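Everything on this sheet refers to the single structure shown next.
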Amino acid sequence: MKTATLPDNDNGFAAIEATDLVAEVEAQLIHAIAEGRLPPGARIIEADLARRMGISRAPVREAARRLERQGIVVARPRHGFMVRTITAHEIDDLYQVRLHMELQAVELACKNADDAGMQRLQAALARMVAEADTTPQTQRVMRDLEFHTLICELSGNGYLLRLFMNMRTELRMIMALIELAYQDPRRVAETHQPIVDCLRRRDVVAVSAAMRLHLEDARLHVRALYQEKHGIPA
């Protein structure tokens, strides 16, 4: 069992003064998990985190329960909450579902997105490329997710968009590894350009092929690195 410990003078958690404490704690925990400061298998020590954030234990516990409902953490009897350990098989399952959703999204976007929407997508990609060499890894991951979320929005199918939004936290946990695998942030950003080009031509066959290639390449990289980094069995 792993216990995440951080030095008091640089603990990575900010004191909270907002009225919605639970949401703020949840956001900080997600950020820590995505950055690897709370790695798979790490315990969420309520008393320690509450002290660092300057709050009571109750909001920390409720935030952990929210993350449990999202599948990000698990509860262990007598051990509290722990960051979920993801297997390579679960990564495959997640990307399989994601692929089907995003193939549907690009097909619908070809038919339903207006020109202004296509321009928004190109602008989102341009920002990803421009910021690739200067923004932190966690921010690059969020930009990537925002790009794919926008495609789901442009599909015009609100239910599909909500389903993808529900996957984002779990995707964020493992997508950071893609950056480490490539070690070239600009290249990662530029791999989205063929998707935009095909969407703007409204070529359903071509954009489906581009999306499939993009996500399958990402899956293979993140799966291999996740196993290497954490020793997680297939």
Side-chain angles (χ1 to χ4, degrees), residues 34 86 88-135 137-226:
I86 301 176
H89 180 71
E90 287 173 323
I91 290 174
D92 289 341
D93 287 348
L94 178 63
Y95 269 81
Q96 183 180 50
V97 172
R98 181 185 182 187
L99 176 62
H100 285 293
M101 289 179 60
E102 295 208 52
L103 287 177
Q104 183 70 50
V106 291
E107 180 178 346
L108 290 173
C110 280
K111 301 174 183 177
N112 298 329
D114 57 17
D115 291 341
M118 295 296 188
Q119 291 173 3
R120 286 173 60 201
L121 194 63
Q122 183 63 64
L125 175 56
R127 182 169 63 175
M128 287 172 62
V129 174
E131 297 178 351
D133 296 326
T134 58
T135 56
Q137 178 179 331
T138 53
Q139 186 65 30
R140 293 196 301 267
V141 169
M142 285 306 300
R143 289 281 187 256
D144 193 315
L145 280 171
E146 288 167 2
F147 173 89
H148 287 272
T149 302
L150 179 55
I151 291 177
C152 292
E153 178 186 334
L154 295 177
S155 75
N157 187 314
Y159 192 71
L160 188 153
L161 175 59
R162 289 194 297 274
L163 288 175
F164 188 79
M165 291 290 290
N166 289 339
M167 295 173 58
R168 281 181 30 146
T169 302
E170 193 168 1
L171 284 169
R172 186 178 173 187
M173 286 178 64
I174 61 176
M175 278 180 60
L177 294 174
I178 299 174
E179 299 276 356
L180 297 175
Y182 283 111
Q183 297 181 337
D184 185 348
R186 183 173 292 273
R187 181 191 169 199
V188 175
E190 290 173 346
T191 60
H192 297 78
Q193 187 65 60
I195 298 171
V196 175
D197 292 341
C198 296
L199 273 172
R200 298 188 75 171
R201 294 199 307 270
R202 302 184 187 274
D203 188 330
V204 173
V205 174
V207 75
S208 296
M211 181 63 80
R212 183 181 295 276
L213 178 63
H214 175 76
L215 291 181
E216 179 62 15
D217 184 60
R219 181 189 70 83
L220 291 174
H221 277 83
V222 74
R223 187 185 194 275
L225 191 62
Y226 203 85

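Just so you know, these numbers come straight off a predicted model, no measurement behind them.
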*asked:* To check you understand the geometry: which heavy-atom pair defines the closest contact between L108 and S155, and what is its length?
replied: CB-O, 3.5 Å
*Considering non-hydrogen atoms only, spot the tightest contact between Y95 and V222 and give its length.*
CE1-CG1, 4.1 Å
*Does E190 pair with R187 as a salt bridge, N-O distance under 4.0 Å?*
no
_Heavy-atom closest contact (M118 atom, A113 atom, distance)_ = CE-CB, 3.9 Å
_Student check: side-chain heavy atoms of L145 and R172 closer than 4.5 Å_ = yes
_Do E102 and H214 have side chains that approach each other closer than 4.5 Å (heavy atoms only, starting at C-beta)?_
no
*Check whether the side chains of T135 and R143 place a donor and an acceptor atom closer than 3.5 Å, and report yes or no.*
no
_Within the structure provided, determine whether V188 and R140 are in side-chain contact (heavy-atom separation under 4.5 Å)._
no
*Please examine the side chains of M142 and R168, heavy atoms only from C-beta on, and report whether any two atoms are closer than 4.5 Å.*
yes
*What are the two closest heavy atoms between A206 and R201, and how far apart are they?*
CB-NH2, 4.1 Å
*asked:* Using side-chain heavy atoms (C-beta onward) and a distance below 4.5 Å, is R127 in contact with E146?
replied: yes
_From R98 atom CZ to L215 atom CG, the distance as rounded to the nearest 0.5 Å_ = 5.0 Å
*In Å, rounded to the nearest 0.5 Å, how long is the span from OG1 of T191 to CG of L213?*
9.0 Å
*Of all heavy-atom pairs between L171 and L94, which one has the smallest distance, and what is that distance?*
CD2-CD2, 3.7 Å
*Is the backbone of V97 close enough, under 3.5 Å, to the side chain of H100 for a donor and an acceptor to pair up by distance?*
no
*Between L154 and L121, which heavy-atom pair has the shortest distance, and what is it?*
CD1-CB, 4.3 Å
*So, D114 and R120, do they make that salt bridge, N to O below 4.0 Å?*
no
*Can you tell me how far CG of L125 sits from CG of D144, rounded to the nearest 0.5 angstrom?*
10.0 Å
_Steps toward side chain to side chain contact (heavy atoms under 4.5 Å, CB included) verdict (E216, H221)_ = CA-CA 9 Å; E216 179 62 15; H221 277 83; over 6 Å; no
_Taking atom CZ as the centre, does R212 end up with more than 12 heavy-atom neighbours from other residues, nucleotides or ligands that are less than 6.0 angstrom away?_
no
*Any donor-acceptor pair under 3.5 Å from R219 side chain to Q96 backbone*: no
*Drop me the distance from E107's CD to N112's CG, to the nearest 0.5 angstrom.*
10.0 Å
*asked:* Test side chain to side chain contact (heavy atoms under 4.5 Å, CB included) on H148 and M211; report intermediate values, then the result.
replied: CA-CA 10 Å; H148 287 272; M211 181 63 80; 4.1 Å; yes
*So H192 and F147, would you call those rings parallel, tilted or perpendicular, with 30° and 60° as cut-offs?*
perpendicular
